[in-house]
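Since this is a predicted model, take the numbers as computed values, not measurements.
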Amino acid sequence: MELTEEQEMIRDTVREIAREQIEPRAEEIDINSRFPKETFETLHELGLMGVPFPEAYGGADADTVTLALVVEEIAKVCGSTALGLAAHTSLCCWPVFAFGSDEQKKQYLPGLLSGGQFGALAITEPQAGSDVGALKTTAVVSGDDYVINGTKAFITNAGVASVCIVATVTDPEKGKQGMTNFIVPTDAPGFALGSVDEKLGMRGSDWAEVVLTDCRVPAANRLGNEGDGFEQLMAILDGGRIGIAALALGIAEGALEKTTAYAQERKQFGRPITSFQATKMKLAQMATDIEAARHLLFNAARRKDAGQPFAVEASMAKLFASEAAVRACKEAIQIYGGNGYSREYPVERYYRDAKLCTIGEGTSEIQRIIIARHILQS
Amino acid sequence: MKIVVCIKQVPDTETKVKIAADGKSLDPAGVDYVLNPYDEYAVEEAIKLKEANGSEVTILCLGTEAATKAIRTGLAMGADNAVLLKDENAAGRDWLSVAKTLAEELKALQPDLIFFGKQAMDDDSAAVGTAVAQILGLPSVANITSFALEGATATVQREVEGGIETLTATLPAIFTAHKGLNEPRYPSLKGIMSAKKKPVEEKAAAVCENGTEVVSMALPPERPPGKVIGEGVEAVEKLIDLLKNEAKVL
C-alpha cells in the first residue's frame, strides 16, 4: 500500500513511541484498570490527539489514513490506549469540527486537539444501545439555555473528558427527526459520572456512566439545528468505524507478531512448534485475515479522505477487522497453549481487548444490517 | 549563530544485514534505513540551541538519494534546512574520503558550530568528526555528554576512564555527541508535516579517493545456543564444573 512520505514517517514515529512508551505500561494499566494519563500527555505534546484536523484549530493537518495508521500502531501494543485516542478524535473532535459553528470550533477544538483536553461522545443509554432512535435523554428549552436530563451508559473517556457531546431528544413527537446533540462541558452544573463498571477488556481505557440531572447548557452549545441529531450521529459513527477497524487491525497484528515470535522459540517433541502444520495453518490464516482487514480499512479511509461515500466500506472494514481480530487472538491463545491462558503472557489481554471491537460503535450485527440495506437499496 | 549537524543514514539496528554477492559490501535489499542513532543526539543538541538562541540549524549529509529519509527526520525534529551531497557510491567511501568531502562543503557553509554523532552504527569508524576538525584546523572534542555555551566559548564534558573530563573550546569548533548528551525528541506531527516544505539542497558530492579498501566482509560466527543446566542450588555444582572444564573460565 502506497503511503506518502509524511504518512510513513508518522507511522514510524508512532511505532517507536508505542514500543518505547506505551507497551511497557500496557500490562499494568490492564491489571489496574488505569487510564494512562502520562501516555496521553506525550500523545498530546506530539500532536497525536488532533491528527486529521486543520492546523488553524490546533490539529496536525493530516488525514484519515494517517489517523488509521496511528491507531493501528498503538493498538499493536495496547488496545486501551488506542481506543482512548480513537474515541477522542472520531467521536468528539470530529463532530465539533464537522458540525460545529465557527465559534464552537474556536472555543473547543484548540483545547481538544493540542491543549491536553479529552473528549467523549454520549449516545448509548441503558435501554438504547443498537436502537439509537429509542433514546430517552431529553433537552428542554429554558430561557436562553437547554436543560438536559437522562443517563448515558458505557461512555469512553467520560471520566477524563473536558467536553462530552450528548445525544438528546428535543422533540419526542418527531422520533429520529426530533433528536439534537449538544456540546456539554463536563463541568456544567448537573453533569455527573455514575457507576464505573469493571470490564472484560480495554481495561486501561476510561469509561463511565454519565448522569445528567437538570444539566444546563447555553443554546449556543447546540450542535447544528434542532432535529439534526440522528443524521449527525450516523455520520459520526461512519467515521468512528474506521477508527475501530484500525484498532482491531492493530490488535490482530500485535497478536500475530507476538505469537510468531513465541511459536518460533517454543519447542515441543524436540522441535519448534512452527515446524508443525497445525501451527502454520493458524499463522497463515491470521496473516491472511490481517491483510484483508488492512485493505478494507485503508480503502474506507482513502474514500473518506477523497470525499467519496465511505459508510458501507467503513462498516465492512469494521465488521471484518473486528471479527478477524477476535479470531486471530483466539488462535494466538491456542498456539500459546497454557501460557496463552495465563496472564504472564500478553495474548489473553489482546483477546479481551479485541472483543470490544465487535460491539463498540455498532455491533457486528448492526454492521451487517447497514451493509445489507446498502445492497438492497442499490 | 549557524549550526551544522553532519548526519549519516544507516541500516536500522534491528535489520538483519546480509553481505552482498561481491563479498565486501552490504546487500541493500530489504534493509530499512534510519538516522544514525548517535546523530540523533547531535540533532537534538542543535535544536535545543536553536530554541534557546534562535540559531539556524542545517543538516549536512553525504549519501544516496535514499538518505533523504534520514534528512527528513532531522528536519521533522526541528532543523531548518539541509544539504545532501549525493553520491550513489557513498557506502563505498572510507572515513577520510567522507571527511574531506564534508570539510569542503563546511568551508562554504561557514558555520559557528558543528555537531556530529560520535560514530555511525554501520561502519563504526568513529573518525569522521575528528578528521573534519583536523582538515579545517578547528578545535574539537569527541564523545561529549554535556554541552553549554556562553558567548563564543563552549564548555563540554566527556566521560573518561573512571571519571569526567571538562573542557572548553572557542567557536567555531566541532563536537561529536555521545549517548547521555540529551534525550532526543520524537518528531511531532507538526514537525513531520512541515519537514517536506523545508529546503533540501542537493548537489553532487566531490569525488575523493579512498585511502583504504574493503577487501572482504564477514558476519560474526553464530553463537552456540545457551543451555539450561537446572534450577536453584542443585544446579550450582554442575555450573561450576562446566565453567571450569568446558568454558575454562574458572
Contact origin within B:Ala76 toward chain A - heavy atom pairs under 4.5 Å: side chain

Point-to-point distance, once rounded to the nearest 0.5 Å, from CG of A:Asp61 to CG of B:Leu189: 10.5 Å

Nearest-0.5 Å distance, OG1 of residue B:Thr73 to CG of residue A:Asp12: 8.0 Å

Heavy-atom proximity to chain A below 4.5 Å, by part of B:Arg185: neither

Nearest non-hydrogen partners of B:Tyr186 and A:Leu46, listed with the distance: O-CD2, 3.5 Å

B:Glu231, CD: over 12 other non-hydrogen atoms inside 6.0 angstrom: no

Flag if over 12 foreign heavy atoms under 6.0 Å of CD, A:Glu265: no

Atom CZ of A:Phe276 with >12 non-hydrogen neighbours under 6.0 angstrom: yes

Option from A:Met9, A:Glu8, A:Gln7, A:Glu5 for which side-chain contact (heavy atoms from CB on, under 4.5 Å) with B:Ile192 holds: A:Met9

Atom CD of B:Glu202 with >12 non-hydrogen neighbours under 6.0 angstrom: yes

Rounded distance (nearest 0.5 Å) linking atom NZ of B:Lys190 with atom CD of A:Glu55: 5.0 Å

Residue pairs fulfilling side-chain hydrogen bond (donor to acceptor under 3.5 Å, both in side chains) with at least one residue in residues 246-260 of chain A, sequence neighbours excluded: A:Glu23-A:Lys258, A:Glu253-A:Arg294

Top contributor to chain B interface from A:Thr42, A:Ile17, A:Val70 [non-hydrogen pairs under 4.5 Å]: A:Ile17

Neighbour count >12 (heavy atoms, 6.0 Å) for atom NZ, B:Lys198: yes

Min side-chain heavy-atom separation A:Ile10-B:Met193 under 4.5 Å: yes

